[in-house]
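The structure appears below as structure tokens.
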Amino acid sequence: MEEISNYLRGYAEEFNQKHAGINLEITFDFLTMLNSRLNLLYDNGGLGLLLVIISLAVFLSFKLSLWVAWGIPASFLGMFIVANIAGITINMISLFGMILVVGILVDDGIVIAENIFSHFERGKNPKRAALDGTLEVAPAVITSVTTTIIAFLPLMFLVGRMEMLYEMAFIVIFSLGFSLVEAFLVLPAHLGGKHGLKVRKGDTGKFRKRLEKIIVFLRDKTYKKVLEAVIRWRWIVIVIPIALILITMGMIKGTIIRTTFFPSITFDFFSVNLAFTPGAGEKQTLNYLKDFEEKIWEVNKELKEEFADSNDFITYTFLSVGSAFSGQETGAHAGEITVMLRDMEGAPLSSFDISSRVKRKIGNVPEAQKFTVGGINRWGKPVSISLLSKNLEELDQAKIFMEENLKEYADLKNITDNNPEGKQEFQICLKPEAYFLGLTQSQIANQIRQGFYGGQAQRLQDGKDELRVWVRYPKEDRLNIGQLERMKIKTANGEYPLTELIDYKLERGPVSIQRYNGSREVRIESDLFDPYASVPPILAKVEEEIIEPLKVNYPGVKVEYQGQQKSSGESVAQIQQLFLIAFAMIIIILIVHFKSFLHAAIILMMIPLSFLGAAWGHGLHGHPISILSAWGMVALSGVVINDAVVFLSKYNSNLLEGMKVEEATYNAGLSRFRAILLTTVTTVLGLYPLILEKSFQAQFLIPMAISLAYGVLVGTGFILSFLPALILVLSDIRVWFSKLTGKKNVIPEELEPAVISSKITFD
């Protein structure tokens, strides 16, 4: 692509030097846009990586953080080899996968390194600490990373518009796989070597002491008290998430947290489309479009003055007559202006704002049959409804009914349909006399065509040329409808005046006939005045106030939703199908690991609770929850249970060491606090530069990043507080159930799955 761009730029420069009166300009270069987007992701990825390393250095020792952070380039190196073999290039989607996984890659390394460090602090030598620390958490780490990989697997099997996420999922999955190898084989070898862990001598520095005091304060002063309260009031604590779920649902219903099918992505250009009644002259269309073009440049001048910017916001405009509305309207009565914008990154307003200003500047055009100003929606129109019927008259009436009602909605603009009317047609209907003479509509139409348009009478050969002889009425006999009425039709029984055989009327017919599932279709579409408005409530209002009365008044018309709702329905169907398979695989892995369905269940409960964080994150940043957010939640489901697996595994190991249930829960929380907190911090910091990005290049990536970052953040809060309560409540229920079945002197620890499975022997 770079070679093509350079060649064309050189050609344009050479052409302009040779032709003084003509200037050849390159109005759009995809390479420029691609480089801009790649630089954006490079910058965000680099910043995210830097923040991850800093956070590791803060929570661990600096040397230890470097060994853990080495897992990132090592994993990427292995992934690059496999990706190259698979034919995956460095592009926007694959780079986003790398940014997405930066914070997640070190999760397994953090858990292993933190546990090795804990064993080292107990007095073990580095080799023994590396061996014992790695083996202790190996099952939990393998389980957690495997569930994350499985959660991303559905993204590799998408079809349709979301197929682009395949490369992102490929990058994430193989990076995680190589990170697991590095964490188990390379990291322990580094930490267990002579240059790995060392006993601190003397003063470790004021900064390090302050950091350690902060960590100790968070764990021993803050979280310790929270954990004690959770253990004491566990039956009250488990009610809190239910209340939070209800509150969040209310916020979504009240549009405090907005929802849509697909996010509105700002565009690089927009179009002004215009269509008059078919038959209108080219001069009228051209005059209107030239007037619009002048107003577009007036908007550009006003923007430059308003924002004191010397650069043009609008770079080029292209005017054309003969086609508009993506080819739905063709002829001299239709035309469009394509408006090219500059790179809007860092601009004080969006392309939505510019197109809205152009719309206001032009104002209403009542003379036009159709008039719209807007960009291309990558996901389809937010409101797109098909009316289907075999009764053409009823279908036309239903179309008029729907369009008139949609125009009353203040939320909607640019209401159009795909059934444009053509020029006036001479439509004939046979009288009984015609049927009596054995004539058909086709026979009469052919004779009329031959008289007024002409019919081939003879072909003559003149050397190598062929001459065709056409016969029709003289020009003076085919100028008006009255002459047509005096025409005579030839039959086997003689000639008959046309007016005795047919009735006729002049009407405009359709330019094209649209069909959908075997029925005639009229598709009515509309854009939103506010591109970030919630689409589902608007469609619900349309359904109640327009669709239901339409079905009653026009029972022969069937209604089907198209556009974003149809695309979202297909995506939701894929989510349900693929995620259920992945979810089942995750359940099986958790049951095998913990040897308990109930323990697997309480870990899985962290998934819907983490979705609350994803919803709150969208509300905080003003982004509506969309299908892209949903796919981010699918990926989140695997990431969020990592810490829960680590927590519950530590709880089980504490039980096997002889601790009581409450003591084991308490110790698991405190001993895993640093590792859980650090994995969360690295994941969130790795994604946050992208979340804060304002450029339009990153907008369709941000919903997934918000779902992951805030889902992990809030999910961690529930793991550290709500999960201990669930563990203890489950233990209480086991004890009560045992007492109800007649068992006395029940010891809670003996009812735990980890203790029971440890006593199973095979003779």
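Both backbone and side-chain heavy atoms feed into the values below; hydrogens, waters and symmetry mates do not.
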For Lys558, enumerate each residue passing the salt bridge (charged side-chain N to carboxylate O under 4.0 Å, His left out) test, keeping only those at least two apart in sequence or located in another chain. Glu560

Could you pull out all residues at least two apart from Lys295 that satisfy salt bridge (charged side-chain N to carboxylate O under 4.0 Å, His left out)? Asp291

Counterpart residues, salt bridge (charged side-chain N to carboxylate O under 4.0 Å, His left out), relative to Glu306 (two or more places apart): Arg357

Using the test ring pair (Phe, Tyr, Trp, His ring centres under 6.0 Å), find all partners of Tyr504 that sit at least two apart in sequence or belong to another chain. Phe426

Non-hydrogen side-chain atoms of Pro555 and Glu394 separated by less than 4.5 Å: yes

Sequence-distant partners of Phe157, side chain to side chain contact (heavy atoms under 4.5 Å, CB included), two or more places apart: Leu578

Partners meeting ring pair (Phe, Tyr, Trp, His ring centres under 6.0 Å) with Phe276 (sequence neighbours left out): Tyr288

Answer yes or no: are there more than 12 heavy-atom neighbours, outside Phe597 itself, under 6.0 Å from its atom CZ? no

Identify, with sequence neighbours excluded, every residue that meets side-chain hydrogen bond (donor to acceptor under 3.5 Å, both in side chains) alongside Tyr435. none

Checking Asn287 now: which residues fulfil side chain to side chain contact (heavy atoms under 4.5 Å, CB included) with it, not counting sequence neighbours? Lys283

Below 6.0 angstrom between ring centroids: does that apply to Phe292 and Phe371? yes

Kindly write out the residues that satisfy side-chain hydrogen bond (donor to acceptor under 3.5 Å, both in side chains) with Asp411, not counting sequence neighbours, or none if the list is empty. none

Can you list the residues that meet the side-chain hydrogen bond (donor to acceptor under 3.5 Å, both in side chains) rule with Ser637, with sequence neighbours excluded? none

Does CE belonging to Met340 count more than 12 external heavy atoms closer than 6.0 Å? yes

Test of understanding: with salt bridge (charged side-chain N to carboxylate O under 4.0 Å, His left out), list the residues that count as partners of Lys361, not counting sequence neighbours. Glu298, Glu302

What side-chain donor-acceptor pairs closer than 3.5 Å can you find for residues 600-608, not counting sequence neighbours?
none

